[in-house]
Amino acid sequence: QVQLVESGGGLVQAGGSLRLSCAASGSAFSNYAMGWFRQTPGKEREFVATISRNGGSTYYADSVQGRFSMSRDNANKTVTLQMNSLKPEDTAVYLCAAARTSGSRWLSRRAYEYDYWGQGTQVTVSS
């Protein structure tokens, strides 16, 4: 079992930047691929980014490609989502998720493949 806590959300102007962090505790962090998803009321949970267990592979949604960057620090059991060139349509609750996997380069953009979720942090981008 792993517990996830997101932080770093807030209000930012369009074109600005924000860095989200996800702190993990519990089971061995390096056993999990990690993902970021975002949720808007009334919408399905949307994939944002994912990173493999060893940090060697990343994958991004088309909507954030080139603007967002995901990284992880297994020693400190944290993952980060650096968000640049933010747009109003990026406004959402951002959730950190962990997926148990034996594959060191395994990635997933499917919410149902993740085992543990944080509570989310609100990101609001104003125009």
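For this chain, numbers begin at 1 and follow the sequence in order.
- Between F37 and Y114, the distance separating the two ring centers is shorter than 6.0 angstrom.
- For S108 and E113, the side-chain atoms include at least one donor-acceptor pair closer than 3.5 Å.
- At a threshold of 4.5 Å between non-hydrogen side-chain atoms, the residues F29 and N76 do not count as touching.
- The line from CE of M83 to CG of L18 is 4.5 Å long, rounded to the nearest 0.5 Å.
- Contact detail for L95 and G118: the closest heavy-atom pair is CD2-O, 3.6 Å.
- Closest non-hydrogen pair, R53 versus N74, comes out as O-ND2, 3.0 Å.
- The line from CD1 of I51 to OG1 of T58 is 6.0 Å long, rounded to the nearest 0.5 Å.
- S30 contributes atom OG, which lies 7.5 Å from atom CZ of R72 (distance to the nearest 0.5 angstrom).
- Considering only heavy atoms from C-beta on, L4 comes within 4.5 Å of M34 through its side chain.
- In the model, Q3 has a side-chain atom that pairs as donor or acceptor with a side-chain atom of S25 under 3.5 Å.
- A99 and W106 make their closest contact through CB-CZ3, 3.7 Å (heavy atoms, listed as atom of the first residue, atom of the second, distance).
- Relative to the ring axis of F47, R38 does not place its NZ or CZ within 45° and under 6.0 Å from the centre.
- A donor-acceptor contact under 3.5 angstrom links the side chains of S17 and N84, judged on distance only.
- In this structure the side chain of T50 never reaches within 4.5 angstrom of the side chain of W36, judged on heavy atoms.
- Environment of CD in Q122: crowded, with over 12 heavy atoms of neighbouring residues, nucleotides or ligands closer than 6.0 Å.
- Other residues, nucleotides and ligands contribute only 12 or fewer heavy atoms inside 6.0 Å of the CZ atom of R109.
- The environment of Q119 atom CD is dense: over 12 non-hydrogen atoms of other residues, nucleotides or ligands sit within 6.0 angstrom.
- Side-chain atoms of S52 and N54 form a donor-acceptor pair, as typed in the model, at a separation below 3.5 Å.
- A single hydrophobic cluster is not seen to contain both V64 and L107; linkage of ILVMFWY side chains at heavy-atom distances under 4.5 Å, directly or through other members, places them apart.
- For R67, the side-chain hydrogen bond (donor to acceptor under 3.5 Å, both in side chains) test picks out D90, with sequence neighbours left out.
- Proximity of L11 to S126: side-chain heavy atoms (C-beta onward) are separated by under 4.5 Å at one or more points.
- Residue A49 comes nearest to L81 through the heavy atom pair CB-CD1, 4.2 Å, listed as atom of the first residue, atom of the second, then distance.
- Considering all non-hydrogen atoms of both residues, A14 and S127 come closest at CB-CA, 4.3 Å.
- Partners of Y32 according to the side-chain hydrogen bond (donor to acceptor under 3.5 Å, both in side chains) rule, which considers only residues two or more places apart in sequence or in another chain, do not exist here.
- Without hydrogens or angle criteria, E6 side chain to C96 main chain gives a donor-acceptor distance under 3.5 Å.
- Residues Y60 and M70 come closest through the heavy atom pair OH-N, 2.8 Å.
- Taking the six-membered ring for Trp and thresholds of 30 and 60 degrees, Y94 and F68 have ring planes inclined between 30 and 60 degrees apart.
- Between S57 and R105, the side chains place a donor N or O and an acceptor N or O closer than 3.5 Å (distance only, hydrogens not considered).
- For the pair L20 and T121, the minimum side-chain heavy-atom distance is below 4.5 Å.
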